[in-house]
Every structure is written in structure tokens, then in C-alpha cells.
Trainee: 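Before I ask anything, here is the structure I am working with.
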Amino acid sequence: MRLPPLISLFPMLWIWTLLGALCLLTESSRILIYSPRMMQSHVNFMTRLANLLASRGHNVTVIDSILRYDIEHGLSEDVEGKEVEKQLKQGDVAKILWDSQPTPEDQRKVMNGLGQVHREQCLYLTRQDFIKKWKNVHFDIGIHEIFDTCGIGIMAAIGVNKTVIVSSTVMMEAVAIAIGHYSPIQEPSLLSDYGNNLGYLDLIRNLKFHSAWAHFFEMQSKLQEKTFKELWGVRQTSEDLIRQTSAVFVNTDPIADARRNHEKTKLFISHCGQNSMLESLKAGTELLTVPMFGDQHRNARAAEENGLVTRVEKNDLGNSKKLISKIKLILVHKKNEKAKLTVKRNLEMAMSSSRDLFMWALLTAWFLMVALLSVVMFLRLTFFLYLLMGLPLGLTISFYLFRNYQVRGLSKQRFFSGFRIGGHRGSPHHAPENTIASFQKAKEEGCQLVEFDVHVTADGVPIVIHDVTTYRTSNVNKCVLKTSWQDLRDTKLNSVNNIGGSLATLEEVVDWCKKNDMKMLFDVKVAEERLLGKIAEIFSKERLYETAIVSSFNPLVPYRLKRINHQILTGLTLDRSYYTYEDDDRKLPFASNSIYHWLNSFWDDLTFITSRTYLMPRFLGVEMLLINYKQADERTIEDARDNGMEVVVYTANSEAVIGWLSTLPVSFLTDVPFNVNHTKLIKP
């Protein structure tokens, strides 16, 4: 059959249209996870994975093999846990690991002890009735970590055909060797104290480390293979089961971690496990490593060779002179600063949240469904195929018919040319936010622009306030939308540094900014026609086309405002959770229903993706992208300018972030303009 011309004209648009429709067909999966309680970081990793999958609507069951009662798993209420409570006498694990040395002999001794513990626990697990019970349950996916080999045997015994291997650190050697990922001769062992550079004699010593790990794997697998074969008829070896796995995920990318706020942290001291090292690098925090056991020695050495960390041997912790000198190298001489900032920027260019991972996983699944649907339609349903092809064509025509166009010429150039630092709600640490007093402080502290939020009162007066109520910023609770300006104007705001303030109308703020030669960034939350009409009226009356811009998380705000007056500069503010969560910490979802929550999350992801590909901003006709500092990099700035947009970054408050943004050709907003060193700023 000849390829229909509409497919050749609009292949990607057709695919994305179908993907959007097929997303509603996605069903939840039944997932089995094996998670032994041995090492806290490994347990935390598997727990977060289980909780995340459950929060996405999947039916998750965890085999909670309790090896140590001093470790808590923290599983959410949505996860079903099967506890296997057999504690073995493995001694004080923490003390054993601390006392071990990074030598092949010591590592082999430690791994031998851990292997014995896992062997005995697995023999106990294989005789439990839950395996027989779950052989009658269909699990779509099994997830386990090859630190011990029991999990993959249990999956095979139950009959889980599709398995995924994960690792809370780098790829485990047994997995890497089984799938042909690397040769033990060339790669540093996880147990070694080598980084990337191995000499000839080092290769020989490194093989001894590999031998210790191979012994740890074999002493478990040989006994377990025999047991699983006798009791449950599993005939494949552990290596065969590893080779048959569907996917392998390792914790060497910022997708899985680095979510904590370290803005005030100057130095992070860690054993250099993958979790803590990624957390430090993603936050841009200086890292002092004290490797103790296993892959920590290798991680620390490799990172040190790349200029990312400063390493201290654990036996030197009692040497105060040596320890102080290492800390001074970091905090005073900024030994690792340049390399650290480079890696931080590179990490932030990668996918930065677990939601990205799920988004792309779903897209992969949808693409396969589209391919299958295409074959069926080509063979049997040509008429409907042409009908569907008309939808992308209609969308393409609509895009060009209804799009807004960006402002070209001097007004845009003059607005951005004199703007480098903006006070986010003024200078809220020195005066009440969104007040004239706060804006005055921002000006005194070197800002060329003030950002403020605009809402409209019940009687149609635009006022400057962030929240929809006065509860957080004053001692009374009044809803702005339901209260007249007459009843709001006397509201006294909570004082900051003994400086009080009161609410101001938008006209009063604009008048102050014009008199003080301050540029303005209006943050508008809702696309209400009454409010947008008032803003457009003020722009026209005060001729703000070169001194003010309106931005919003809501794409309808810049779109409708441009429709009212195409001369107004507008911007689109990007946030990955604007429609999904009420708070910045992403703990309070808007929707309690899981389906609505997923739809909100999907809309957030769709908005973000179409914005980063500049499809939506070009349709809206915006002149600015207001992005979070975690998304900022030189490539984004250049790409935005190629599409006729300037990038402004929010909200830079830590010394490290401000220092980094000062080196980029980009304007930014801050709550602490008094911390900006203006002598180090480069021109945008």
C-alpha cells in the first residue's frame, strides 16, 4: 500500500496527537519488589522506588526481608509489605564496616561474612509459603537489586517473567559481567580504592578485589541455584536470569536523588556513597569524603581525580591538624569550586526528576502502541486513517491562524538591556514583601527591576499581593477576590525588621516605579478578563511598553493579554508542578483523586515539554521565559534567544547560585539582593 501523503507531511504531529489520546488508556501494573533490610541506603533507595510507583497508581507489593531490626523501611500506606522476620547473628555491621580496610584481603573477609548472612536468609525465604501463594498471582513486573541473588531466584520461582534490576549505587559487578558490560581486567572493582587510572601493578591488585566480589556472588548463587531447583523447579542459573532481565537502572544519574535544599550548607561530609555524592554535586555543595567500605573508596578516588571532592582517610579523622588543613582547602582556597560548578550545570541539563523518567517511559510505551495501531489501520481502516490525518493538519492550520506574535523593535530591547538583577517581591528580608517599602529597599540594594504579584479585589481594583488572602502576611484573614479595596486598604501587614507596610494598588506601585526609574515584572496568577483588562488599561495609560512585562505560570494570561494589546511584553513562567501541587515542596497535591492527580501531572509535563521545545511560547507570542535556576544553562539561554525570547531566572538566594548566575549572560530574581556582588556581574 502506498504511504498516504498526510503521513509524510506531518509524521511527528500525527504521532504526538495519537500519544495524547492513548495516554488515557494507560493502566496500572502489579509490581513485586524484593528489598532485604541490610544496608540503610539500599533500603531507602528501594523504599522510595516502591512509594513512587504506588503514588503513580500501581499495585506494589514488597518482600521485606528483615535482616536487621535497627533499619526502618518507611513504606507508604499504599504499598503492601510482606515481612519475613528472621534476624541472623551477623554482629555489629556498622563496626565491621568501619574496621575494614581498603585492601583485597579485608574486603574479601567482609564480603564473605555478608555472603553467609544472605545465604542463610535466602534458604529461610525459599521455604516460606508466600512463594507458593504468589505463584497464582500475576505480577507484571519484578524489581530487585543484585546485592544478593535471592531476589532474582524468588521472582523466577513465583513466575514473574519481566524483571528489572536496579542498583542504589553503580552497576553491580555480577550484573555488569553477566550482560557483558565490562571486563574485570580493565575496570576498577566496586570494592577497590581505585578511581579511573590504573597502572600495571594496580591491575593485578584490582583483580584481587574483583575476586572478592566474584566470591561473594558465587557463594550465594551456587547454593541458591540448587535450592530453587529442588524446591521450585527453577533450572536457570543466576547469571542466566540476570541476562534475561528486561532492563537495568543504576543510581549514577540525578533522576533518583538530590532533592534536598542545601542553600545554607557550606560543606557536606559524607562516606561517598552514590546517593550522598550525587546529592552534593547536584546541590553544588562542597564535599569532604571519608570512604569506609565497598564502592565508597572507588567513588571517592574517581571523584577526587576529577577535582570534585576532597578525600580524607578514615584513619586520619583523629589527626586534627590534617583534618583542618583539608577543610581549609575547601572553604578558604575553594579547591574544587570550578569543577564542581561545571558538573552541577551538566547534571541540571539532564532529566532532573523522577517524573521525567516516568514521562519518557510512558512515551516509549505509547510509541509502541501507535506503531501497532498504524499497522492495523494501514491494513484494514484506510478511511479512518485519512480521517485521523486531518486532525494534525487542522492543528497546524490553527496554530498559524490563532497564534500571537512577539513584540519586535526597540521596546523589547530597551526593557531587557538595563535589567540584570530583580528584587523578588522587592527585598522581603528587609521589609514586608510586595510593599513600597520593600521595593525601596530593593532599589537601594542595587536592583534595576522589582517583581510583584497582582490580584483584583471584589470591586475591580488591581492590588499588589502574592496570596489570594491576607492571612500569611497580616494578622487578619480576608479573601482579596471577595473583599472591596475600601475594606482592604487599611490592612496592616506583619512587620519585617521593625518596618511595617500596607497593601498598595497596582497604580500606586506603577507610579512609584516610574518616579524611581525601576522596571517592573507583573506576576499574574489567574487569566481573569477583568484583571487583564485593568492591566492592559494601565499599560496603555502609563505607556509601560519599555519598562514593564507581564508573566504567568498560566499560559492563558500572556495569550489573552496579547489579544487585548499586542504591544505588551509578556512572559511564560515554567514550573514542573504548577497544576499538580499547591506548595513549592510538592507535598500538597491539588487533587486527592489519583486519576485527576495524574492528569494534572501530565498537563504539567506537557506544558513543560512544549515550552522547552518553544512550541507553546511561540504560539503565545511571549518575549520572555522565566525559569527556575535549576533549569538554567547557557544552551537554554542561547536556544531561547534563537527563538526570539530572553531568559530570566528565579529565585536565586544562595551564595553559590548567585555567584554562578553572575557568570552567565542572564538576568535573575532574588529575595536577597543585598547578597549580590555587583562587581562580578557580566552583561547579559
Side-chain angles (χ1 to χ4, degrees), residues 3-23 359 363 366-367 370 374 377 383-413 415-416 524 527-529 532-533 535-536 539-540 545 549-574 578-579 602-627 635-648:
L3 184 68
L6 287 176
I7 292 182
S8 60
L9 286 174
F10 305 101
M12 290 306 298
L13 194 54
W14 171 68
I15 288 174
W16 278 97
T17 302
L18 286 181
L19 291 183
L22 288 170
C23 71
M359 187 66 185
L363 290 180
W366 295 339
F367 180 80
V370 169
S374 301
M377 296 176 75
F383 171 76
F384 291 102
L385 180 62
Y386 276 97
L387 186 63
L388 279 176
M389 292 307 99
L391 182 59
L393 178 60
L395 290 174
T396 303
I397 295 173
S398 299
F399 178 89
Y400 287 101
L401 283 178
F402 298 106
R403 67 174 295 190
N404 290 328
Y405 289 90
Q406 296 172 331
V407 172
R408 304 288 182 182
L410 292 177
S411 60
K412 174 184 172 183
Q413 181 181 344
F415 176 81
F416 287 105
V524 180
E528 187 182 23
E529 293 292 345
L532 298 182
I535 291 174
F539 262 80
S540 177
Y545 303 122
I549 192 168
V550 180
S551 189
S552 178
F553 291 103
N554 187 340
L556 289 176
V557 170
Y559 183 80
R560 289 180 177 175
L561 199 56
K562 273 276 200 284
R563 287 284 160 176
I564 299 172
N565 186 341
H566 68 276
Q567 298 180 71
I568 297 175
L569 296 176
T570 58
L572 180 64
T573 311
L574 301 186
Y578 177 72
Y579 297 99
F602 175 76
W603 181 247
D604 268 327
D605 288 327
L606 185 63
T607 302
F608 187 82
I609 290 172
T610 54
S611 297
R612 289 304 293 261
T613 55
Y614 304 101
L615 182 65
M616 182 179 289
R618 286 166 58 200
F619 177 75
L620 300 176
V622 298
E623 292 78 24
M624 177 187 75
L625 286 182
L626 186 58
I627 67 176
R635 180 179 175 183
T636 299
I637 297 168
E638 292 174 1
D639 289 347
R641 287 177 177 168
D642 289 342
N643 284 273
M645 294 163 240
E646 293 293 327
V647 170
V648 177

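Computed from a prediction, not measured in an experiment: that's the story for all the values here.
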Trainee: Would the distance check show the side chain of Asn404 and the main-chain N or O of Leu620 forming a donor-acceptor pair, the cut-off being under 3.5 Å?
Mentor: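 Side chain of Asn404 to backbone of Leu620, a donor-acceptor pair under 3.5 Å: yes, one is there.
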Trainee: How far apart are the closest heavy atoms of Leu625 and Pro617, and which atoms are they?
Mentor: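 For Leu625 versus Pro617, the nearest heavy atoms are CD2-CG, 3.9 Å.
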Trainee: Identify the two heavy atoms, one from Lys562 and one from Ile568, that lie closest to each other, and give their separation to 0.1 Å.
Mentor: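 Looking at all heavy atoms of both residues, the shortest contact is NZ-O, 2.6 Å.
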Trainee: Would a 4.5 Å heavy-atom cut-off, applied to side chains only, mark Ile549 and Phe415 as touching?
Mentor: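 SC-SC contact between Ile549 and Phe415 confirmed.
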Trainee: Give the minimum heavy-atom separation between Ile564 and Gly533, together with the two atoms involved.
Mentor: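 Closest approach of Ile564 to Gly533, heavy atoms only: CD1-N, 4.2 Å.
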Trainee: Using side-chain heavy atoms (C-beta onward) and a distance below 4.5 Å, is Leu561 in contact with Arg563?
Mentor: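 No, every pair of side-chain atoms sits at 4.5 Å or beyond.
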Trainee: Which heavy atom of Met645 sits nearest to which heavy atom of Val622, and what is that distance?
Mentor: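 Met645 and Val622 have their closest heavy atoms at CG-O, 3.4 Å.
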Trainee: Output all residues satisfying side chain to side chain donor-acceptor pair (under 3.5 Å) with Tyr579, sequence neighbours left out; order by chain, then residue number.
Mentor: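 Once residues adjacent in sequence are excluded, Tyr579 has no partner under the side chain to side chain donor-acceptor pair (under 3.5 Å) criterion.
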Trainee: Testing Val550, Leu572, Thr570, Ile535 one by one against Val557 for a side-chain contact (heavy atoms from CB on, under 4.5 Å), which residue passes?
Mentor: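 In the set Val550, Leu572, Thr570, Ile535, the residue that makes a side-chain contact (heavy atoms from CB on, under 4.5 Å) with Val557 is Val550.
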Trainee: Distance check, rounded to the nearest 0.5 Å: Glu623 atom CD versus Tyr405 atom OH?
Mentor: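 Nearest 0.5 Å value for the CD-OH distance: 14.0 Å.
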Trainee: If you apply the rule side chain to side chain contact (heavy atoms under 4.5 Å, CB included), what do you find for Phe553 with Leu626, and how did you get there?
Mentor: CA-CA 9 Å; Phe553 291 103; Leu626 186 58; over 6 Å; no
Trainee: Specify whether Phe619 and Tyr559 have parallel, tilted or perpendicular ring planes, treating 30° as the upper limit for parallel and 60° as the lower limit for perpendicular.
Mentor: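 If you compare the ring of Phe619 with that of Tyr559, the planes turn out parallel.
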Trainee: What pairs with Thr573 under side chain to side chain donor-acceptor pair (under 3.5 Å), at least two apart in sequence or on another chain?
Mentor: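 With sequence neighbours excluded, Thr573 shows a side chain to side chain donor-acceptor pair (under 3.5 Å) to Ser551, given in chain and number order.
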Trainee: Out of the candidates Asn565, Val407, Leu569, only one should pair with Tyr545 under the side-chain contact (heavy atoms from CB on, under 4.5 Å) rule; please name it.
Mentor: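 Passing option: Asn565.
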Trainee: Taking Tyr614 for the side chain and Ala640 for the main chain, is one N or O donor matched with an acceptor at less than 3.5 Å?
Mentor: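 Yes; judged by distance alone, with no hydrogens or angles, the pair exists.
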Trainee: For the backbone of Ala536 and the side chain of Ser540, can you confirm whether one donor and one acceptor N or O come within less than 3.5 Å of each other?
Mentor: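 Such a contact is absent between Ser540 side chain and Ala536 backbone.
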Trainee: Considering only heavy atoms from C-beta outward, does the side chain of Ser411 approach that of Gln567 to under 4.5 Å?
Mentor: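 No, too far: nothing below the 4.5 Å cut-off.
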Trainee: Can you tell if the side chain of Glu529 reaches within under 4.5 Å of the side chain of Arg560, non-hydrogen atoms only?
Mentor: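 Yes. Closest side-chain heavy atoms under 4.5 Å.
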Trainee: For Gly644, is there any backbone N or O sitting under 3.5 Å from a side-chain donor or acceptor partner on Lys412?
Mentor: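 Yes, Lys412 side chain to Gly644 backbone: donor-acceptor pair under 3.5 Å.
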Trainee: For Met624 and Val647, what are the C-alpha separation, side-chain angles and deciding distance, and is it a side chain to side chain contact (heavy atoms under 4.5 Å, CB included)?
Mentor: CA-CA 6 Å; Met624 177 187 75; Val647 170; over 6 Å; no
Trainee: Measure across Glu646 and Arg641 and return the closest heavy-atom pair with its distance rounded to 0.1 Å.
Mentor: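 Scanning both residues completely, I find the closest heavy atoms to be OE1-NE, 3.1 Å.
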Trainee: Can you find a pair of side-chain heavy atoms, one from Thr636 and one from Ile627, that are under 4.5 Å apart?
Mentor: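 Contact flag for Thr636/Ile627 side chains = yes.
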